[in-house]
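Each remark here refers to the structure printed beneath this line.
Just so we're clear, the structure is a prediction, and the values are computed from it rather than from any experiment. Counting starts at 1 for both ligands and their atoms, in listed order.
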Amino acid sequence: MFNDFFRRKQDEDAMRSEGRLPPGQALTQKFPVLHYGSVPGFNPATWDFRVWGEVEKPLRLSWEEFNQLPRTRLKMDIHCVTRWSKFDTEWEGVSVRTLIDLGLVKPLPAARFVLQHAEFGFTANLPLETILAENFLMATHYNSAPITPDHGYPLRGVVGHIPGRSELMTPYFWKGAKWLRGLEFLTKDHPGFWEQAGYHNNADVWLEERINESDQSF
Ligand SMILES: Nc1nc2c(c(=O)[nH]1)N[C@H]1C(S)=C(S)[C@@H](COP(=O)(O)O)O[C@H]1N2
Ligand SMILES: [Mo]
C-alpha cells in the first residue's frame, strides 16, 4: 500500500547511497519468478547431480549423497536483467569449491568454463573462476527453508553481489540455473539458453551487460 511504496523508496535510496544499486535497477521487496517453460517435478529416488567434461573423473551423486556434503551459507544482493534487485538474500547449499576441496571433482588444467545443466535442457554458462568464487552457490535453501518449486527446488545455481567484495565479478541472476542437475567443465565457452537467445555472454551488472550488442533483434 502507500506505506509500502514509501518504504520501498527509502530502502532503494539507502542501497543507492551505499553504492549497492547497479545502474538501471530498482529495489523490490518481492521475489519475482522468471523462467522459460514449466516447473519440473522432483523424485528423490531418481534425481541425480552429475559433473562431467574436463574433469579427471565424472561424478554422480544421489539426492541423499548430495545432502551429506558440507554446506555453505551465503548472503548477497541479486540483480535480475529485467531490472529488479533484491538485497541481502540468504542462501544455503554446497559450493563448487567444496567439491574440489573434497577431491570429488578434479578439473583438468584445460578447464576454463562451466556450463550448468538443468531440467528440460536449460543451460547457463560462466567462467570457471566465477563458478568457484564465493558469490556462486548451488543452493538448496533460501531464507532457511527449502527453495520453493518455482524458484528451483530442490537445487539451483545462484550468483550475486556480496557487499564490499567488488573484486568478484557479479553477473545478472539469470546466470544461476534453477532445477540444477549437473555441471559440465569445458575448455571453450558455450553460450547457455538465454545467451543463445541474445542475452550478453559476460552479463556484468555494473557494466549493464544486458544484451549481446551484435544481436540487432533486441
Ligand atoms: N532452469 C531455468 N533456470 C533459470 C531460468 C530458466 O528459464 N530456466 N531463467 C533464469 C532467469 S532469466 C532468471 S531472472 C532467474 C530467475 O530466478 P527466480 O525465478 O528465482 O527469480 O532464473 C534463471 N534461471
Ligand atoms: Mo531473467
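Annotation for ligand 1: atoms under 4.0 Å from non-hydrogen atoms of Phe31 are 20 (O), 21 (O). The contact set between ligand 1 and Cys80, taken as ligand atoms under 4.0 Å from a residue heavy atom, comprises 14 (S). Listed by number with element, the atoms of ligand 1 under 4.0 Å from a non-hydrogen atom of Tyr36 are 6 (C), 7 (O).
Other residues, nucleotides and ligands place more than 12 heavy atoms under 6.0 Å from the CD atom of Glu18.
Closest to atom 24 (N) of ligand 1 among all protein heavy atoms lies Gly176 O, 2.8 Å. Shortest contact from atom 9 (N) of ligand 1 to any protein heavy atom: Trp194 NE1, 3.2 Å. Remark: minimum distance from atom 8 (N) of ligand 1 to any protein heavy atom is reached at Phe122 CD1, 3.3 Å. The protein heavy-atom contact nearest to atom 3 (N) of ligand 1 is Lys178 N, 2.9 Å.
Ring-centre distance between Tyr142 and Phe31: below the 6.0 Å cut-off. Side-chain rings of Phe193 and Tyr36 approach one another, their centers coming within less than 6.0 Å. Between Trp179 and Tyr153, the distance separating the two ring centers is not shorter than 6.0 angstrom. Taking the six-membered ring where the residue is Trp, the centroids of His79 and Phe173 are separated by 6.0 Å or more.
Only side-chain heavy atoms of Trp179 come within less than 4.0 Å of ligand 1; its backbone N, CA, C and O stay farther off. In Trp84, the part holding a heavy atom less than 4.0 Å from any atom of ligand 1 is the side chain. With a heavy-atom cut-off of 4.0 Å, Trp174 touches ligand 1 through backbone and side chain alike. Looking at Phe120 against ligand 1, nothing comes within 4.0 Å, counting heavy atoms.
In this structure, the side chain of Glu54 does not engage the main chain of Ala111 through any donor-acceptor pair within 3.5 Å.
Between Arg156 and ligand 1, an N or O atom pair is found at a separation short of 3.5 Å. Ligand 1 has an N or O atom lying under 3.5 Å from an N or O atom of His151, backbone or side chain. Between Pro32 and ligand 1, at least one N/O pair is under 3.5 Å apart. Polar contact with ligand 1: present for Leu34 (N/O pair, distance under 3.5 Å).
A donor and an acceptor atom, one from each side chain of Asn212 and Asn201, are nowhere located under 3.5 Å apart.
Phe193 does not count as a contact of ligand 1, since none of its heavy atoms falls under 4.0 Å from the ligand. Proximity of Lys175 to ligand 1 is not established, as no heavy-atom distance is less than 4.0 Å.
Classified by interplanar angle (parallel below 30°, tilted 30° to 60°, perpendicular above 60°), the ring pair His117/Trp52 is tilted.
Every residue was checked against the side-chain hydrogen bond (donor to acceptor under 3.5 Å, both in side chains) condition with Arg83, not counting sequence neighbours, and none meets it.
Note on Leu132 and Phe136: same hydrophobic cluster, where clusters join Ile, Leu, Val, Met, Phe, Trp and Tyr whose side-chain heavy atoms are under 4.5 Å apart, directly or indirectly.
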